[in-house]
A.B. asks: 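Below is the structure I would like to discuss, written out as structure tokens.
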Amino acid sequence: MSTIHQHILNVDVAIVGGGIAGLWLLARLRERGYGALLIESEQLGAGQTICSQGIVHGGAKYSLHGQVSRSAEAVAGMPELWRRCLRGEDAIDLRGARLLAEHQYLWATRAPTSRLAAFFASKLMRGRVDKVAAHESADARPAALRHPAFQGTVYRLDEPVLEVASVLTAFSERYRDAIAHSQGPVTPKADGAITLHCSGCAQQVIHPAVTVFTAGAGNIGLPWAAQQLRPLHMVLARGIDLPGLLYAHCLGASDLPRLTVTSHYDAGGRLVWYLGGGLAEEGVKRDRHEQIRAARRELSLLLPWVDWNPVEFAAFTIQRAEARQPDGGRPVGPSVFRDGRVIAAWPTKLALAPLLAEQIEEVLRSLDIRPQPADLRALANWPRPEIAMYPWNREELEWN
Ligand SMILES: Cc1cc2nc3c(=O)[nH]c(=O)nc-3n(C[C@H](O)[C@H](O)[C@H](O)COP(=O)(O)OP(=O)(O)OC[C@H]3O[C@@H](n4cnc5c(N)ncnc54)[C@H](O)[C@@H]3O)c2cc1C
């Protein structure tokens, strides 16, 4: 008869899911002295986080109606907070993580509407957006928009763009002792215990005072925390003919960006443009080939001086996971639900992970969970999750 060896570990908080929400929460709780650990069943960032465009929104995208929406207020402080963390000036120390760009640009294809002008003049945006004036040297504009035929208006937004994998790595290295890989997804259990399995290890049972599910689309089996999935059909463009690095939202006739572009280098050193915004929202109605055709059409319209023929394209769909809304629209901020000693949470945006962690800490306080450092030595030899792969490095992508 074989004996199953079991170790039991008592902690204040077990966090299930190592995307940006879980990792930020882990960092915050550890810095406050809580005995917290995180369990990831795939790789860190494997859901939405590694596929995000990494833009730390400062409110611009959400307040283009000329009014300061609740959502815009919630995000207004995020760029500065993230920058402080990246400089090592906050308790959440993200030194080692990098920005891809200091600013995201906003480019309007026609003269700004009165609503857009009102928005830029609003109190919320004052000091956080600069018009790149026509008389400034063309160098002030991103390379792709420097062509003499360019006729739009360009604004520089206070929206840094993160190198997302470097953020995941910074968290993973700093809190390595508290991050465990589990074979198979963790599911909620009535007694709250979590059993970790790994081949060749003794079974590890965790008894958390509170469990927090930050598992993105994996926040399932929790009927008191309903979620909605909103798909995007993202497009990638690569090749030496791309006109340089571009981090920009393009505004057309409507108030929402028709295209959002971020730039990255793939594992082979090739430049890749990652295309989202309206193209990806509307693209869910199209199959892959139609979506690539739509992307080529859109880019040819917006940047007609570029030869798009030699550029290769790929497309893939991904779901955004959020708390369910009555109208199915995007929640205004992070969402936190609790049933007894189980919490389920979605940040809604990567940029809002700090706000989400703050809200969860408040819930812990309301439950009278006091920080008590945990002895995590039992996990010392436990397997750690890897960092997820960027979509543009995935072999299964078909490029045309
Ligand atoms: C294409 C795209 C672009 C985006 N761009 C931006 C942007 O530019 N700026 C911005 O602020 N936001 C952006 N977002 C939104 C942002 O990516 C998400 O809000 C954020 O990443 C969600 O983080 P999360 O940690 O909640 O979930 P996820 O990143 O999905 O992480 C969940 C983790 O939980 C793990 N997991 C799941 N189930 C289990 C289980 N049962 N047991 C153990 N582990 C489990 C998964 O493997 C995964 O690692 C974008 C989203 C998408 C899809």
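Both ligands and their constituent atoms are indexed starting at 1 by order of listing.
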A.B. asks: Based purely on interatomic distance, does W346 place a nitrogen or oxygen under 3.5 Å from a nitrogen or oxygen of ligand 1?
C.D. replies: no
A.B. asks: Is there at least one pair of N or O atoms, one from V186 and one from ligand 1, spaced under 3.5 Å apart?
C.D. replies: yes
A.B. asks: List the steps, then state whether ring pair (Phe, Tyr, Trp, His ring centres under 6.0 Å) holds for W24 with F171.
C.D. replies: CA-CA 8 Å; W24 197 291; F171 279 126; 5.8 Å; yes
A.B. asks: Within a distance under 4.0 Å of any heavy atom of P185, pick out the atoms of ligand 1 and give their elements.
C.D. replies: 40 (C), 41 (N), 42 (N)
A.B. asks: Has R370 got more than 12 heavy atoms of other residues, nucleotides or ligands less than 6.0 Å from its CZ?
C.D. replies: no
A.B. asks: What residue and atom, counting heavy atoms only, is the protein's closest point to atom 31 (O) of ligand 1, and at what distance?
C.D. replies: G19 CA, 3.4 Å
A.B. asks: Describe, in one word, how the ring planes of H57 and H249 are oriented to each other, choosing from parallel (under 30°), tilted (30 to 60°) and perpendicular (over 60°).
C.D. replies: parallel
A.B. asks: For G54 and ligand 1, does the shortest N/O to N/O distance drop below 3.5 Å?
C.D. replies: yes
A.B. asks: Among all protein heavy atoms in this structure, tell me which lies nearest to atom 16 (C) of ligand 1, with the distance rounded to 0.1 Å.
C.D. replies: L350 N, 3.5 Å
A.B. asks: Taking atom 28 (P) of ligand 1 as the point of reference, which of E40, Q48, E42, M234 owns the nearest heavy atom?
C.D. replies: Q48
A.B. asks: Hey, does Y274 come in under 3.5 Å of ligand 1, counting only N/O atoms on both sides?
C.D. replies: no
A.B. asks: Looking only at side chains, do Y175 and E31 share a donor and an acceptor under 3.5 Å apart?
C.D. replies: yes
A.B. asks: As a test of understanding, state which of V363, D12, V342, L367 forms a side chain to side chain contact (heavy atoms under 4.5 Å, CB included) with V210.
C.D. replies: L367
A.B. asks: Tell me the contacting part of R320 for ligand 1: side chain, backbone, both, or neither, using a 4.0 Å heavy-atom threshold, strictly below.
C.D. replies: side chain
A.B. asks: Any luck finding a side-chain donor-acceptor pair between N309 and R296 under 3.5 Å?
C.D. replies: no
A.B. asks: Does the side chain of H197 pick up a donor-acceptor pair with the side chain of T195 at under 3.5 Å?
C.D. replies: no
A.B. asks: So is S182 touching ligand 1 or not, going by heavy atoms under 4.0 Å?
C.D. replies: no
A.B. asks: Look only at interatomic distance and state if H57 has a nitrogen or oxygen under 3.5 Å from any nitrogen or oxygen of ligand 1.
C.D. replies: yes
A.B. asks: With a 4.0 Å cut-off on heavy atoms, is Q43 touching ligand 1?
C.D. replies: yes
A.B. asks: Numbering the atoms of ligand 1 from 1, which are under 4.0 Å from a heavy atom of V16?
C.D. replies: 40 (C), 42 (N), 43 (C)
A.B. asks: Quick one: look up the protein heavy atom nearest atom 13 (C) of ligand 1 and list residue, atom name and how far away it is.
C.D. replies: K349 NZ, 3.7 Å
A.B. asks: Looking at G47, which atoms of ligand 1 are within less than 4.0 Å of one of its heavy atoms?
C.D. replies: 30 (O), 48 (C), 49 (O)
A.B. asks: If only atom types and distance count, is the side chain of R338 paired as donor or acceptor with the main-chain N or O of G340 below 3.5 Å?
C.D. replies: yes
A.B. asks: A21 heavy atoms, cut-off 4.0 Å: which ligand 1 atoms fall inside?
C.D. replies: 24 (P), 25 (O), 26 (O)
A.B. asks: Could you tell me whether Q319 and ligand 1 have an N or O pair separated by under 3.5 Å?
C.D. replies: no
A.B. asks: I need the atoms of ligand 1 closer than 4.0 Å to a non-hydrogen atom of T348, numbered in the order shown.
C.D. replies: 19 (O)
A.B. asks: Which option out of T187, T49, L38, L25 puts a heavy atom nearest to atom 21 (O) of ligand 1?
C.D. replies: T49
A.B. asks: Only heavy atoms of P347, strictly under 4.0 Å: list the atoms of ligand 1 that pass.
C.D. replies: 22 (C), 23 (O), 26 (O)
A.B. asks: Quick check: closest heavy atoms across N219 and A215, and the distance to 0.1 Å?
C.D. replies: OD1-N, 2.8 Å
A.B. asks: Which heavy atom of the protein is the closest neighbour of atom 36 (N) of ligand 1, given with residue, atom name and distance?
C.D. replies: A215 CB, 3.9 Å
A.B. asks: Counting heavy atoms only, which part of I50 comes closer than 4.0 Å to ligand 1: side chain, backbone, both or neither?
C.D. replies: neither
A.B. asks: Quick check: do L379 and D177 have side-chain heavy atoms less than 4.5 Å from each other?
C.D. replies: no
A.B. asks: Do E290 and K285 meet the salt-bridge criterion of a basic N to acidic O distance under 4.0 Å?
C.D. replies: no
A.B. asks: W399 ring centre to R238 NZ or CZ under 6.0 Å, with the angle to the axis within 45°?
C.D. replies: yes
A.B. asks: Could you tell me whether E89 and R83 make a salt bridge, using a distance below 4.0 angstrom between a side-chain N and a carboxylate O?
C.D. replies: no
A.B. asks: For W392 and Y390, what are the C-alpha separation, side-chain angles and deciding distance, and is it a ring pair (Phe, Tyr, Trp, His ring centres under 6.0 Å)?
C.D. replies: CA-CA 6 Å; W392 42 90; Y390 278 127; 4.5 Å; yes
A.B. asks: Check each atom of ligand 1 against the heavy atoms of A46 and keep those under 4.0 Å away; list them by number with element.
C.D. replies: 47 (O), 49 (O)
A.B. asks: Taking only heavy atoms of A351, which atoms of ligand 1 are found under 4.0 Å from at least one of them?
C.D. replies: 10 (C), 11 (O)
A.B. asks: Regarding Q228 and R324, do their side chains bring together a donor and an acceptor under 3.5 Å, going by distance alone?
C.D. replies: no
A.B. asks: Looking only at protein heavy atoms, which one is nearest to atom 5 (N) of ligand 1, and what is the separation?
C.D. replies: Q53 N, 3.0 Å
A.B. asks: Heavy atom under 4.0 Å from ligand 1: found in C51's side chain, backbone, both, or neither?
C.D. replies: backbone
A.B. asks: Is the shortest distance from a Lys or Arg side-chain nitrogen in R28 or D90 to a carboxylate oxygen in the other one below 4.0 Å?
C.D. replies: no
A.B. asks: So does R87 pair up with E80, basic N to acidic O under 4.0 Å?
C.D. replies: yes
A.B. asks: Below 4.0 angstrom, N of the basic side chain to O of the carboxylate: do E281 and R258 qualify?
C.D. replies: no
A.B. asks: Out of curiosity, is G18 lining ligand 1, as in a heavy atom under 4.0 Å away?
C.D. replies: yes
A.B. asks: Is S41 in polar range of ligand 1, meaning some N or O pair under 3.5 Å apart?
C.D. replies: yes
A.B. asks: Which one of S52, A180, G17, G45 has a non-hydrogen atom at the shortest distance from atom 4 (C) of ligand 1?
C.D. replies: S52
A.B. asks: Judging by distance only, is a nitrogen or oxygen of I20 under 3.5 angstrom from one on ligand 1?
C.D. replies: yes
A.B. asks: Under 4.0 Å from ligand 1, counting heavy atoms only, is it the side chain of I55, its backbone, both or neither?
C.D. replies: both
